[in-house]
Amino acid sequence: MKKIINSIAVIMVLIMSSSCKKWLDTQPRDGITKQSFWKTKEDIQAAVSGCYASLLASPPGINERSLIEYIFVFGEIRADMIDPGPGAVNDETDIFNVNITQSNALSRWSAFYRTINFCNTVLDNAPAVRQLDPTLTEAQLNAYLSEVLTLRSMMYFYLVKSYRDVPLKLTATTKDTDLQDLPKTSGNVILNQIVNDLKRAESGAVTTYGTTVMDKGRVTKYTVNSLLADVYLWMDNYQGCITECNKVINSQRFALQNASSSWYFNVFFNGSSTETVFEFNNTSSANAPLYLSLVRSPKRFLASSYLASDVFIPDDVDPTRLFDIREEAFYRGSDLAITKWGNDAVSYINWQVYRISDIMLMKAEALAMTEKGADAIALIEEIRLKRGAVAATAQTPDQGDKDAICDYILAERSREFAFEGKRWFDLLRVAKRENYRRLDILLNVVAQTVNPAVQQSAITKFRDVDSHYFPIHEAELFADPQLVQNPFYTK
């Protein structure tokens, strides 16, 4: 943990030109040091833009996977919608086969903690600028702090969902004397910290920056509400989830687009659509972070072959027609290539974090769990109508059967958010409720996806709930003697 980042990398990425026209411009501001920084509101803006830039790419000189690739892998590789491609490396196939060890490079968390550290740097230093720059208003300062509080909360939420218990650091590491040995903090404690931070963030967040691109690519009050709804759903706080979802839905700022030939282009390629609440706003200045793994041959990941038979089921009247707009837009049936995040002609796509369909389905799940099944089903059907979902994928659960409704929601989420780094977390969220009453959901995934030669071993591992979280990488254990390995990986 304490070796996650050094002070030089912090300064190079955080300190960026305030005169840049692009919010996510990652060029460093030559010759500036910390001593002469943190003087004006423009310095704060440059530092906050560094936090956003870290979502898209690693800092100069850092040779590792991007944060988005980790989000994709953490949310998909242990689920059922992708398979290893011909270019998959050993660490990836090991996870597919439920053979994860602490030496697996994909279990590294440094990309998340780097962004956390950037956010902590702003939180530590920005408040003092108010005393130096009289043009910085309290509202402006609070808005900047709300942005980085939300981004930090988002990073910790990914870590909790992936590792459960992780070190919690709420102050910046910008020089060697700031390095600390830290033990793990309980995931429940971190979730409560996230909730408190997001409530604070909501009070200072803006509702608009004045342009659509900014409203989608920077944290707004509705981003805060969306993330808090997600956290509440993970914590089984269903009424809290419904309340936050309603804030987004009732704002009337977001709407599902109709199924048409331009739907994918508007939402994903062009971005900043009426559906989008928050996206990692990429531009043609940077290749899509998943280009090397999903587009360039040999591809490391492919769509699972079962999508055609179980997820995007052919229309039972005319199977040659694709009514569900999502199938043709997300992957190619002929070779199972995942096209959602780019193709040979398109190398940059906006990574969608929250869309209004996500908010609607989170609310539906919370409604199902609070005995409001009819309202939950109505939300599912509203999305299916907009997407042109085929009759063959329709279900008719009893409105009083919360398990059946949640299964319907999981099925619809698999179509709506295919390859968006959500699938594993969706399955785990439902499976772990009520002391893992629905562990069968995860066991069925293993039975369907894992190589038959190791299938029984994988099922046995998945019966141990500690196996549902990643190990702490051995390099982190070596660097921080206070860290203790996740229990499953010490047996």
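What you see below is based on every heavy atom in this structure, not just the backbone, and it leaves out hydrogens, waters and symmetry mates.
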Could you report the tightest heavy-atom contact between [X] and [Y], atom names first, then the distance?
X: S146; Y: A205; value: OG-N, 3.2 Å
X: L302; Y: I338; value: C-CD1, 3.8 Å
X: T223; Y: R218; value: OG1-O, 4.0 Å
X: V295; Y: G342; value: CG2-O, 3.3 Å

Does one side chain, of [X] or [Y], offer a donor that lies under 3.5 Å from an acceptor on the other?
X: S273; Y: R355; result: no
X: Y354; Y: D230; result: yes
X: N444; Y: Q448; result: no

Between [X] (side chain) and [Y] (backbone), is there a donor-acceptor pair under 3.5 Å?
X: E76; Y: G421; answer: yes
X: E275; Y: L256; answer: no
X: D426; Y: L410; answer: no
X: K184; Y: V484; answer: yes
X: N486; Y: F488; answer: no

Using a 4.5 Å cut-off on heavy atoms from C-beta on, say whether the side chain of [Y] contacts that of [X].
X: F254; Y: K216; result: yes
X: C51; Y: E147; result: no
X: I100; Y: Y489; result: yes

Next on the checklist: Please identify which of these residues, Y158, F74, Y163, meets the ring pair (Phe, Tyr, Trp, His ring centres under 6.0 Å) condition with W109.
Outcome noted: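 Going through Y158, F74, Y163 one by one, the ring pair (Phe, Tyr, Trp, His ring centres under 6.0 Å) with W109 is satisfied by Y163 alone.
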Item to check | Cation-pi check, K161 onto F157 ring (under 6.0 Å, within 45° of axis) | outcome: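 Cation-pi check for K161 and F157: passes.
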Checklist entry - When you measure from the centre of the six-membered ring of F470, is the NZ or CZ of R78 under 6.0 Å away and within 45° of the axis? => result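 R78 over F470 ring: yes.
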Checklist entry - By side-chain hydrogen bond (donor to acceptor under 3.5 Å, both in side chains), which residues pair with W424, not counting sequence neighbours? => result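 W424: no side-chain hydrogen bond (donor to acceptor under 3.5 Å, both in side chains) contacts found.
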Checklist entry - For the atom pair CZ (R164) and CG (L191), what is the distance rounded to the nearest 0.5 Å? => result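 Between atom CZ of R164 and atom CG of L191 there are 12.0 Å.
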Next on the checklist: Parallel, tilted or perpendicular: which one describes the rings of F268 and Y264, with boundaries at 30° and 60°?
Outcome noted: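 Rings of F268 and Y264: parallel, under 30°.
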